[in-house]
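Here is the structure we will look at, set down as structure tokens.
The figures that follow rest on heavy atoms only: side chains count, while hydrogens, waters and symmetry mates do not. Since the model is a prediction, treat every value here as computed from it, not as a measurement. Sequence positions, counted from 1, serve as the residue numbers for this chain.
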Amino acid sequence: MIRMGSILLLLSVLALAEPFWIKDPTDGGKLTAVVGIAEAHFPEHVQESVALMRAKAEITDMINMKVISEFTDTKKRTGDQVENNVSSSSYLQSSSAIKIEKKEHYKDADGIYYLWVVAN
């Protein structure tokens with residue numbers, strides 16, 4: 001019974017541990033990669049877009065590309081109701097082609113969203 005409790009405790013600790021790529025997205029310099037972050041104050045449905053836009057901007061600094069980004073958040077009040085529309089778009093501009101891949105994502109206990117992006 002003690003052994004089963006120890007195994008369950010170990011599994012719960014491993015589940016709460018943040019992924020290695022948050023602190024070392026390049027995996028020791030083997031990858032061209034970054035982590036995009038979206039704070040918890042962003043609505044859940046746009047956190048990935050915000051994190052991706054930020055990751056693209058950071059990775060372009062590494063590989064001399066230009067990112068064109070736009071993020072809009074509009075609110076419309078009608079009586080007692082508030083309509084919130086959020087949209088984002090981004091694309092990369094470069095003289096050479098590069099593929100960006102979303103590898104993994106992670107959301108911590110505070111609601112911060114992390115997106116691991118690798119350039120291939």
query: Which distance, rounded to the nearest 0.5 Å, do you find between the CD1 of Ile100 and the CD1 of Ile59?
result: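 Answer for the CD1-CD1 pair, Ile100 versus Ile59, is 4.5 Å.
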
task: Give, for atom NZ of Lys76 and atom CG of Asn85, the distance between the pair rounded to the nearest 0.5 Å.
output: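 Reported to 0.5 Å precision, the distance equals 9.0 Å.
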
query: Do Leu52 and Lys102 have side chains that get closer than 4.5 Å, going by heavy atoms?
result: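 Yes. Closest side-chain heavy atoms under 4.5 Å.
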
Val35 side chain reached by Leu115 side chain, heavy atoms, under 4.5 Å: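 Counting from C-beta outward, Leu115 and Val35 never come under 4.5 Å.
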
Would you find a donor on one side and an acceptor on the other, under 3.5 Å apart, between the side chain of [X] and the backbone of [Y]?
X	Y	value
Asp27	Leu31	no
Asp108	Asp110	yes
Glu48	Ala38	no
Glu83	Arg77	no

task: Fit a plane to each ring of Trp21 and Tyr106, take the angle between them on a 0 to 90° scale, and name the class: parallel (under 30°), tilted (30 to 60°) or perpendicular (over 60°).
output: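 Because their plane-to-plane angle is over 60°, the rings of Trp21 and Tyr106 count as perpendicular.
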
task: Establish, yes or no, whether a centroid distance under 6.0 Å links the rings of Tyr113 and His105.
output: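 Tyr113 vs His105: aromatic centres under 6.0 Å.
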
task: Starting from the C-alpha separation in whole Å, work towards a yes-or-no answer on side chain to side chain contact (heavy atoms under 4.5 Å, CB included) for Lys23 and Phe20.
output: CA-CA 6 Å; Lys23 294 210 178 2; Phe20 78 91; over 6 Å; no

field: Flag if over 12 foreign heavy atoms under 6.0 Å of CD, Glu101
entry: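 Buried by this count: over 12 neighbours within 6.0 Å.
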
query: Can you name the nearest heavy-atom pair linking Ala33 to Trp116, along with the distance?
result: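 Smallest interatomic distance, heavy atoms only, reads CB-NE1, 3.7 Å.
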
- prompt: Can we say Lys107 and Glu44 salt-bridge, meaning some charged N sits less than 4.0 Å from an Asp/Glu carboxylate O?
  reply: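 Answer for the salt bridge query: yes.
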
